[in-house]
Amino acid sequence: MTTLIKLEIIRALRNKKFMFFSVIYPPALYLIIAGGADSKPIPGTGLNMGLYYMVSMAAFGAMTAVLLGNSERIAKEREQGWVRQLRLTALPGRGYVAAKIAAAATVSLPSILLVMIAAATVKGVRLEAWQWIAIAVGTWLGSFVFAALGVAIGYLASGDAVRPISMLCFFALAFLGGLWMPMTLLPQWVQNISEWLPTHAYAALGTAVEAGGAPHVKDMAILLGYLLLFVGGAAWLYRKDTRKA
Amino acid sequence: MTTTATTTATTAQDAGRAPVVSFQGVSKSYGAVRAVADLHLELHPGETVALLGPNGAGKSSTLDLLLGLRTPDTGSVSLFGTTPQRAIQQGKVGAMLQSGGLMEGVKVRELVQLARDLHPQGYPVDQILANAGITDIADRLVGKLSGGQEQRVRFALATAGANDLIVLDEPTTGMDVSSRQTFWGAMRRQAQEGRTVLFATHYLEEADEIADRVIVLHRGRVLADGTSAEIKARAGARRINFDLTEPADRAALEALPHLTALTVSASGSGSTVRIQSQDADATVHALYGLGLYPRNLEVSGLGLEQAFIAITTAEEAAR
């Protein structure tokens, strides 16, 4: 199982094109969106645009890399029959999902760090050392939830359906979770839904730290719940996959 | 048929005597297509078995069911007296699928290392590589291999540990003649070590040459099951060729006993006769009884291929 995790990481690192775009995309997006913003606080958050978007773009970028990347690659691997071959080994379902999450985490960590570097150097975001570390680690660990979701989608759909489905999940989650614009700017009913989405809880980890506090237990519990749900679902789908993709 | 199912107490001894593979009345359909129809099948330890049939005969479906990659609509499949999944988890089964893609972006050695580490009783990597004849390509990337090389890598993955059963779906597809010979050499070593080997093929000479038991599959059912000699015999599998100095009396020849096929062609003033017979001795005896004097008489066995064609066409005709 550790060999598979190691191999998935090596393989992700070797895929230079994929690495480059996945890593470069979030900081670029951050600079485009937050680049022209002033330092006035966003109503209801107490954070300014540079700060707010640092967390949401780090989260958004990490999620893009792991969710879209994972689902498409897995669907492709199923089509090629590699997963069938893998199922003829003693590898348990959770081992497969763990390896995929590890591979995704390899991609998401540098992209998170780059967003933070861009925020610090270009936008002049200043935080305490513990805040930087807490945000980086929290955002990174939170990306595992979406990596697991990516694995599950890669299993639920196949072929041409993967991209539309993962895109739909992705945009809905990103928008409704408030990654694109601050939650407080959205209508109340959206906010009500949002509160229970993994994306909202995900970004909330970082914003809570930015505001100087610890992440809320509720947000962590929500993320953990989704993680268990997605990992369990993905592992189950891996074992149950009897379709000839 | 063994009657192990009737015993209620499952002792360790019983488990040892359980067939390696057991299909009990297994059926599987995909929509309206019946891929496997009421299949009964048992493989015993140490056998090398060829699953023979044309494309669409249900070979791959049968292997998928055997490996637990699909679940049967009716009936049951067991390996070593347990479920396919459990047998695989225990590291008893090595398999090479026809559609078994490989992980891309990794080197051959890394992939073999993975297969070895995932196996409960894996062999040393260098030994696996050498056995599959891929030591020289160990540092190549998996995506950059030829079809034949890929097949050998798949074989390495299937033989990465101490399996009791090895299942191969059309293993030599894409290999040239010499790598095919090397491949079967490696395969024979597996069989000599006492493993049960099951391979699907439509290369009939492979079944004839390598297997000690041949199961002919047609439309998802077992059409014939026996040694390749028996399969050939069942298909009326002796060929009798001779020349006559005079034009042949076709009607008289057709009346020969045990005859299954007859072709007569004119050659010079005489004729050349080709006969297929289920009992060559009786046919030749009757031939002399007609008062004919066959020249250049040859009696030879049919290749498995012709036997196979004969069985399947007989089956078609019976429908």
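The figures that follow rest on heavy atoms only: side chains count, while hydrogens, waters and symmetry mates do not. Because the structure is predicted, anything quoted here is derived from the model rather than measured. Every chain is numbered from 1, with letters handed out A, B, ... down the list of sequences.
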* Heavy-atom distance under 4.5 Å to chain B: side chain of A:R14, backbone, both or neither? -> side chain
Between [X] and [Y], what is the shortest heavy-atom contact and its length?
X: B:A95; Y: A:L88; value: CB-CD1, 3.5 Å
X: B:L97; Y: A:Q85; value: N-OE1, 3.8 Å
X: B:Q89; Y: A:T89; value: NE2-O, 4.4 Å
X: A:R87; Y: B:I88; value: O-CG2, 4.1 Å
X: A:T3; Y: B:L114; value: CG2-CA, 3.8 Å

Over 12 foreign heavy atoms within 6.0 Å of [atom1], [X]:
X: B:Y30; atom1: OH; value: yes
X: A:R163; atom1: CZ; value: no
X: B:R86; atom1: CZ; value: no
X: B:W184; atom1: CH2; value: yes
X: A:D160; atom1: CG; value: no

* Structure fact -> Answer key: most heavy-atom pairs under 4.5 Å with chain A among B:M96, B:Q85, B:M103 is B:M103
* Structure fact -> When the 4.5 angstrom heavy-atom criterion is applied to B:E104 and chain A, the contacting part is both
* Where does B:K92 contact chain A at under 4.5 Å (heavy atoms): side chain, backbone, both or neither? -> neither
* Structure fact -> The reported gap from CG in B:L111 to CG in A:L4 (rounded to nearest 0.5 angstrom) is 10.0 Å
* Would you say B:L67 and A:R84 make side-chain contact, with heavy atoms under 4.5 Å? -> no
